[in-house]
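Counting starts at 1 for both ligands and their atoms, in listed order. Both backbone and side-chain heavy atoms feed into the values below; hydrogens, waters and symmetry mates do not.
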Amino acid sequence: METKMDVLQNSSTKIVIRNGLLDELYSHIEDLKPHKIAIITDTSLAKTWLPKVKRSLGSLGEQSKVIIVRKGEKSKTLSNYRNVIEKLISSGFTRGSLLIALGGGSVCDLTGFVASTYMRGMSLVFIPTTLLAQVDASIGGKNGIDYVGKNMLGTIYHPKIVVIDPEVLSTLSTAEYLNGLAEVVKTAIISNEGFFDLLENNVDALLLRKKEILETVIQKCINIKKAIVEQDPTEKGLRMVLNLGHTIGHAVEKTANYNIKHGFAVSIGMIAEARIATEVLGFQEDNLLRLGSLLDKLGLPTKISLDPRTVLESMKMDKKFWYGKPKLALPKKIGEMEIVEVPFEVISKCMKSYVCQ
Ligand SMILES: NC(=O)c1ccc[n+]([C@@H]2O[C@H](COP(=O)([O-])OP(=O)(O)OC[C@H]3O[C@@H](n4cnc5c(N)ncnc54)[C@H](O)[C@@H]3O)[C@@H](O)[C@H]2O)c1
Ligand SMILES: [Zn+2]
């Protein structure tokens, strides 16, 4: 599948999703006519997929500069940002040069921030290599690095091309893979029941990472996120539906001192918020059971042993809620979302009775 996302007037991102795409990078990148190329990647991907990427870039690959950063969240630091910038300066990179991010959301976030700030902006290509980055982090233009708090410094800046090859997911650890699957389930709930049915009917194929089902599922996720981002490019409102599972999920992550993967916390948050939706929006019990069963079968958690009061306290500290009741994006049914103010007491009851066990 090839699609275009209109991000700003006169600019758009080309998104290409296909198994085997990593073998045909030259034709996509050549069109950008870059004056120089730097590939930013992490220590793990430098060993797994970088050699193939360089080969596939042909003559462009031979001339590319490779900058390797630490893997995971540790790459999103000010000192890493400075290191990358200094390497670009000393190698004579200009506004006409191209940065290619080869990695998960961490590498994409760092590279996007570098690309948007270096000489007021250079060309950017994402080759996302985690499921989370393929369905979420590489689409929407948000980037950033951590400073004092997570993502404290960042911009909105869109890549010219996003190259998604589901085959790279074959080397991902189980935990990282499930991390992305939670966002896939979220996308199905917020968008349409047919997509949710597809996931239910393909649990085994998904767990086996069959490339055909992955290609289909990733395409669906991208189309849905793309449509939402296009309607709300500056994050004024509609994008809030993408937060399903994230309000409670973030509080869980914080209470667990970030010793839980984001997707796992979102899974717990999603079932908790769906349960709240049964109370405040009439979301059907049947669908709540279907969601719980799908998460279970995929190996995603729906409960956690934390003190519910601490989780709630951490939610109250969220600056979004300083001026009133929490507003949650909740499903009315599968595929239909509403933004609803929910009293803390309702959230508290749900946490005590179902989530924190
Ligand atoms: N910009 C956005 O809109 C957005 C959205 C969601 C998340 N994020 C950010 O994304 C980051 C998390 O990204 P992530 O979950 O993709 O993880 P990650 O980039 O931190 O990578 C996790 C681990 O997986 C490894 N890895 C990546 N691809 C691999 C592959 N194909 N095979 C084997 N190992 C591989 C990495 O080396 C790393 O060790 C967070 O910093 C988060 O803030 C950004
Ligand atoms: Zn998320």
Got a salt bridge between E24 and R18, using NZ or NE/NH1/NH2 to carboxylate O under 4.0 Å?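 Judged by the 4.0 Å cut-off on N to carboxylate O distance, E24 and R18 do form a salt bridge.
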At a cut-off of 2.8 Å, what protein N/O/S atoms sit near the Zn ion (ligand 2)?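 The answer, once waters are left aside, is E183 OE2, H246 NE2, H262 NE2.
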Within the distance-only criterion (no hydrogens, no angle test), does the side chain of [X] pair as donor or acceptor with the backbone N or O of [Y] below 3.5 angstrom?
X    : Y    : result
T111 : C108 : no
E273 : G245 : yes
N151 : D146 : no
S353 : C350 : no
D232 : L238 : yes

Test your reading of the structure: does [X] have an N or O sitting under 3.5 Å from an N or O of ligand 1?
X    : value
T171 : yes
E73  : yes
L169 : no
G105 : yes

Run the ring-ring contact (aromatic ring centres under 6.0 Å, His included) test on F93 and Y118 for me, step by step, so that the C-alpha distance in whole Å, both residues' side-chain angles and the decisive distance to 0.1 Å come before the verdict. CA-CA 9 Å; F93 275 74; Y118 188 80; 7.4 Å; no
For [atom], what is the nearest protein heavy atom, given as residue, atom name and distance?
atom                    : result
atom 35 (C) of ligand 1 : L172 CD1, 3.5 Å
atom 16 (O) of ligand 1 : T130 OG1, 2.6 Å
atom 6 (C) of ligand 1  : D136 OD2, 3.7 Å
atom 39 (O) of ligand 1 : K71 CD, 3.4 Å
atom 1 (N) of ligand 1  : K142 O, 2.8 Å
atom 18 (P) of ligand 1 : S106 OG, 3.4 Å
atom 37 (O) of ligand 1 : D42 OD2, 2.7 Å

For [X] and ligand 1, answer yes if some heavy atom of the residue is under 4.0 Å from a ligand atom, otherwise no.
X    : result
G140 : no
K150 : yes
N151 : yes

Between I127 and the options D165, L21, L25, the side chain to side chain contact (heavy atoms under 4.5 Å, CB included) test singles out L25
With heavy atoms only and a cut-off of under 4.0 Å, state how [X] meets ligand 1: side chain, backbone, both or neither.
X    : result
T129 : both
T43  : neither
L132 : side chain
D109 : side chain
K76  : side chain
E176 : side chain

Taking 4.0 angstrom as the limit and counting only heavy atoms of N179, give me the atoms of ligand 1 inside it, by number and element. 15 (O)
Using a 4.0 Å cutoff against the non-hydrogen atoms of G104, which atoms of ligand 1 qualify?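 What qualifies from ligand 1 is 16 (O), 19 (O).
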Closest non-hydrogen atom pair, [X] against [Y]:
X    : Y    : result
K225 : I139 : NZ-O, 2.8 Å
D42  : G72  : OD2-N, 4.3 Å
M122 : Y157 : O-OH, 2.7 Å
E212 : N19  : N-ND2, 4.2 Å
I29  : I37  : CG2-CD1, 4.1 Å

Apply salt bridge (charged side-chain N to carboxylate O under 4.0 Å, His left out) to E279 and K349, showing your working. CA-CA 11 Å; E279 262 185 57; K349 197 177 97 195; 3.3 Å; yes
Can you check whether a protein heavy atom sits less than 4.0 angstrom from atom 9 (C) of ligand 1? yes
Tell me whether the NZ or CZ atom of R209 lies within the 45° cone about the ring axis of Y177 and under 6.0 Å from its centre. yes
How many angstroms lie between atom CG of N223 and atom CD1 of I218, to the nearest 0.5 angstrom? 12.0 Å
Using distance only, find each side-chain donor-acceptor pair of residues 331-340 under 3.5 Å and give its atom names and separation, not counting sequence neighbours.
none

